[in-house]
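Here the structure is a predicted model, which is why all the values come from computation and not from measurement. Every chain is numbered from 1 and lettered A, B, ... according to where its sequence line falls, protein lines coming before strand lines. As a basis for the values below, the full set of heavy atoms in this structure was taken, side chains included, without hydrogen atoms, waters or symmetry mates.
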Amino acid sequence: MLHYAQEQLQGDYYTRAFQAGAQEDTLILNMGPQHPSTHGVLRIILELHGEYILRAEPVLGYVHRMQEKMGEVKTYPQYLPNMGRVDYLHALAWNWAYVLAVEELLQLEVPERAEYIRVITCELNRITSHLLWWGAYLLDLGAFTPIMYGFADRERAMDLLQIITGSRLTYCYYSFGGVTADLTPQFIDGTKEFCKYLRTRLPMYKDLVTDNMILRHRVDDIGIIPVDMARRYGVTGPNLRGSGVEHDLRRNTPYSIYDRFDFEIPAYEECDALARYLVRMDEMEESLSIIEQAIDSLPEGPVTPPKMPKVIKPPKGEAYGAVEGARGVIGIHVISDGTATPYRIKLRSPSFSNLSLFAEVSEGILLADAVSILGSLDLVIPEIDR
Amino acid sequence: MKQSWVDELNAAGAPKCTEVQKGVACFCLEPENLLPSVRKILDLEYYLQDVSAADFQEGYLLTYHFAHFEEPGQAVFRVLISHEEPQIPSISSLYQGAIWHEQECNDFYGIVFTDHPDLKPLLLVPEENLYPLRKDTQSQKSFLDIFPGCKLVEAPPAPEGEESSGDQETAGEETPKKKGTGKAKARKGDDETAQEPGQA
Amino acid sequence: MIKKTPKQSTLQGIKSLFVGLRVTGHNFVMPQITTHYPRQEVDNLVTYRGHIELVPKEDDPMTSKCILCGQCAKACPSNCIELVIRKEEVEPPPAAEAQPDADKEEAPPKPAPKKKVKRILEAFILDYNLCSLCGQCVQTCPVDSLEFSTNSYLAGFTREEFVFELLERMRKKYKASSSG
């Protein structure tokens with residue numbers, strides 16, 4: 001009986017495995033799965049020496065839903081709503097990656113107007129994602145008010161997206177070959193207004209937070225990710241651009257119509273949390289500029305292809321749909337065997353790769369800085385676990 | 001992917017890839033050639049996108065996607081391993097990001113990555129071996145059927161002889177297919193399945 | 001464009017604190033932007049796409065536009081739609097008209113306009129517990145017999161309360177609107 005209790009005290013499988021490699025006189029601490037700074041159910045086992053982290057090991061799988069298996073039992077259109085649930089913050093980018101892969105398999109042409117609508121909505125969604133990250137990151141660092149400002153502005157963008165998609169978070173808006181609903185004048189006017197409005201807000205964010213001395217101390221020189229490390233772990237997105245690499249799929253491998261727009265790829269060379277922070281702040285401005293350009297040159301026309309197959313049965317083969325999400329490269333690898341159900345769907349989520357370097361980057365740092373690093377990586381846990 | 005890089009990879013043991021479509025270069029490798037090829041692609045400054053597996057009649061197909069920070073496109077490595085002995089060297093000594101991807105493949109298919117630092121369950125419960133993505137024999141499809149560009153070749157163990165025999169066969173038999181997976185070989189240790197290429 | 005992160009001197013840092021305080025002070029006197037549910041409600045629910053409702057025929061508000069093809073049930077990713085169909089023997093229409101349709105009767109699930117056995121929609125059951133609001137059913141419907149409701153304030157104590165019979169809801173709605 002006593003033995004049993006002892007075993008219980010030693011924790012679960014992961015704690016026991018972690019403990020086996022621990023040094024003497026160190027503290028094993030479970031951070032999460034219900035820790036406010038882990039944004040969901042991420043658990044990190046830490047070996048601490050005083051305030052310093054000797055070893056860290058993220059434990060995943062608390063919101064694992066086996067999305068890849070679901071893909072193998074549903075038909076192609078039936079799998080569409082799953083995409084919004086993988087990453088709830090930038091759902092449209094996941095929508096896009098999936099329809100991009102299936103469109104490549106089907107050799108489907110997307111009408112011009114639908115491409116513009118996709119760009120507008122996806123960029124708007126990217127702004128909402130970054131605004132939430134901004135608020136939540138500062139909340140992690142102990143600043144309570146910014147999330148209120150971030151949310152107030154994010155609500156406006158979500159109201160706009162609700163007009164055309166009908167939902168606020170888990171969008172299922174893109175369909176194979178187009179989008180499910182056309183833009184309304186209300187959306188177009190609202191978006192123009194929102195772009196103007198957010199441009200007045202971003203300087204306020206800078207005054208309130210970016211230039212703030214306390215924030216600088218929490219993020220400057222914290223969590224250095226050199227380019228070499230980023231490459232070995234497959235880090236992409238703003239985290240990579242914070243390491244001084246101008247890698248953005250919208251520019252490198254322009255999908256859709258991104259080659260028509262004039263925008264910068266913000267990158268900072270410091271590799272620290274501040275650089276990643278500034279990349280995201282600059283990216284919001286670039287997204288606004290893309291939206292404005294897209295709205296100004298929005299063509300008329302249909303939003304779905306004229307000839308759609310009644311049952312979606314892509315020919316045998318494979319396709320890799322890769323888009324630039326708010327967190328990095330989203331890749332969906334679809335293998336089709338010629339039936340109405342995919343043979344294999346592999347979801348490449350950027351946060352998965354971004355988090356995998358945490359063990360290496362957190363060695364020898366303060367526990368408080370680990371929170372700062374986690375926040376600066378902009379993790380979405382359902383996306384990691386899938 | 002630049003042609004010079006493709007040549008360099010070929011020299012490192014990744015068999016030729018005849019076509020590079022939209023910057024995507026595809027290589028079908030032998031498990032023995034995986035590590036040298038991955039070392040080469042790390043030297044070429046590619047980053048790891050993902051490692052995934054799929055269950056086919058011929059065995060488990062492992063797909064490694066790499067991309068470059070400056071160059072557009074992808075490099076795809078495919079390795080076929082048998083169902084009976086699902087073992088493959090781990091690339092985690094070169095790309096540490098692969099540690100989790102390989103653990104995930106082990107979770108879903110039970111593929112063993114040799115020299116992996118810590119091959120424990122990542123996403124699924126540690127108490128059970130579920131292997132949810134394994135397919136039963138009825139639902140398994142042929143790898144050759146889906147990737148007509150790839151070929152099964154009775155691989156002789158010596159790498160030089162193998163490459164030349166592959167060249168001859170492609171020159172003679174391969175018909176151009178719409179999917180540019182390139183001419184490539186996939187190893188098969190298993191005799192019955194190797195003889196059934198009824199793809200063309 | 002690879003930039004350098006701007007560095008800050010201590011003086012600038014101290015100044016930043018006062019700038020931040022000014023922003024906070026400015027926002028302190030701004031009007032409230034939150035909505036105090038349940039005393040207030042948000043005004044943009046028109047665009048919300050809630051669970052589906054059946055659309056009545058224009059000329060007969062008691063029957064729905066549905067042609068019982070079952071496409072919505074097939075398209076649904078979570079199998080939450082069920083059509084209860086009653087088959088009814090009807091008098092065969094005049095021979096002259098019945099003849100051309102004779103071939104079509106071989107395929108019973110296809111709703112042909114004229115048939116000896118008439119299929120009537122008894123109930124259209126939506127299990128809202130399972131619904132993920134993806135809208136696939138509305139998109140696949142060939143006759144636009146489904147629409148989204150804007151009902152976002154749904155609450156209940158049991159799961160059974162969320163199994164809706166849409167035909168009945170449609171009729172009730174009409175009755176309520178015609179009587180009120």
Side-chain angles (χ1 to χ4, degrees), chain A residues 12-14 17 21 57-62 64 66 68-69 72 104 107 227-236 240 245-247 249 251-254 315-320 322 329 331 333 335-339 343-349 352-357 359-360 384-386, chain B residues 22-24 26 42 45-56 61 63 65-74 76 92 94-101 103-104 107-108 118 120-127 130 132-133 135 139-143 145-149 177-179 181:
Chain A
D12 71 338
Y13 175 87
Y14 292 99
E57 185 190 297
V59 178
L60 312 180
Y62 286 92
H64 179 57
M66 203 71 232
E68 293 175 12
K69 180 75 188 175
E72 292 178 13
E104 196 188 317
Q107 306 280 324
V227 183
D228 170 58
M229 197 202 279
R231 184 175 296 126
R232 285 184 286 114
Y233 282 97
V235 175
T236 46
L240 177 66
V245 182
E246 281 181 279
H247 176 264
L249 280 191
R251 180 59 56 76
N252 280 47
T253 326
K316 284 172 191 167
E318 58 156 357
Y320 196 89
V329 174
H333 186 206
I335 300 178
S336 159
D337 60 350
T339 57
Y343 188 72
R344 172 84 169 96
I345 283 192
K346 161 76 187 170
L347 310 177
R348 191 257 178 209
S349 69
F352 187 82
S353 299
N354 294 352
L355 178 65
S356 65
L357 58 67
E360 189 170 328
I384 297 171
D385 289 349
R386 282 161 291 145
Chain B
K22 288 187 196 162
V24 180
C26 181
L42 180 62
E45 304 201 320
Y46 270 74
Y47 72 90
L48 177 76
Q49 278 193 320
D50 60 50
V51 179
S52 67
D55 193 357
F56 287 101
L61 176 75
T63 314
H65 284 107
F66 298 91
H68 198 270
F69 288 152
E70 276 102 44
E71 283 290 309
Q74 270 183 326
V76 187
S92 54
L94 299 162
Y95 282 99
Q96 283 76 19
I99 295 178
W100 282 9
H101 287 293
Q103 272 178 274
E104 191 189 298
D107 266 7
F108 292 170
D118 193 6
K120 62 173 179 250
L122 182 76
L123 296 174
L124 302 179
V125 283
E127 287 79 20
L130 296 166
L133 288 184
K135 288 183 190 281
S139 46
Q140 276 171 359
K141 296 279 161 62
S142 168
F143 158 71
D145 200 20
I146 292 173
F147 302 101
K177 293 275 156 57
K178 58 178 180 269
K179 272 313 272 186
T181 40

Original post:
Top residue by heavy-atom pair count (under 4.5 Å) with chain B, among A/V59, A/L240, A/V235?
Top reply: A/L240
**OP:** Begin from the C-alpha positions of A/K346 and A/E318 and carry the test salt bridge (Lys or Arg N to Asp or Glu O under 4.0 Å) through to its verdict.
**Re:** CA-CA 11 Å; A/K346 161 76 187 170; A/E318 58 156 357; over 6 Å; no
Original post:
Side chain, backbone, both or neither: which part of B/E45 has a non-hydrogen atom closer than 4.5 Å to chain A?
Top reply: both
Original post:
Centre of A/Y343's six-membered ring, under 6.0 Å away, within 45 degrees of the axis: is that where NZ or CZ of B/K135 sits?
Top reply: yes
**OP:** Please look at B/T63 and chain A and tell me whether the side chain, the backbone, both or neither of the residue comes under 4.5 angstrom of a heavy atom of that chain.
**Re:** side chain
**OP:** Pick one of side chain, backbone, both or neither for A/K69, based on which atoms fall under 4.5 Å of a heavy atom in chain B.
**Re:** both
Subject >> chain A contacts, top residue of B/L48, B/L94, B/D107, B/L122 (heavy-atom pairs, under 4.5 Å) >> reply: B/L122
Original post:
Of the backbone (N, CA, C, O) and the side chain (C-beta and beyond), which part of A/T236 lies under 4.5 Å from a heavy atom of chain B, both, or neither?
Top reply: side chain
**OP:** Heavy atoms only, distances under 4.5 angstrom: which of A/V329, A/I335, A/D228, A/N252 has the most pairs with chain B? Name it, please.
**Re:** A/N252
Original post:
With only heavy atoms counted, which part of A/Q107 is less than 4.5 Å from chain B, the side chain, the backbone, both or neither?
Top reply: neither
Original post:
Between B/A53 and chain A, which part of the residue has a heavy atom less than 4.5 Å away: side chain, backbone, both or neither?
Top reply: backbone
Original post:
Are B/Y47 and A/H247 close enough that their ring centres sit under 6.0 Å apart?
Top reply: yes
Subject >> Portion of B/F66 that has a non-hydrogen atom of chain A nearer than 4.5 angstrom >> reply: neither
Subject >> Shortest non-hydrogen contact between B/Y95 and B/L42, atoms and distance >> reply: OH-CA, 3.3 Å
**OP:** Test B/H65 against B/D50 for side-chain hydrogen bond (donor to acceptor under 3.5 Å, both in side chains), laying out the working first.
**Re:** CA-CA 5 Å; B/H65 284 107; B/D50 60 50; 2.9 Å; yes
**OP:** Measure across B/S52 and A/R344 and return the closest heavy-atom pair with its distance rounded to 0.1 Å.
**Re:** CB-NH2, 4.2 Å
Subject >> Most contacts with chain B, counted as non-hydrogen pairs under 4.5 angstrom, among A/R251, A/H333, A/E360, A/M229 >> reply: A/H333
Original post:
If every non-hydrogen atom of A/G61 is compared with every non-hydrogen atom of A/D385, which pair is closest and at what distance?
Top reply: N-OD1, 3.0 Å
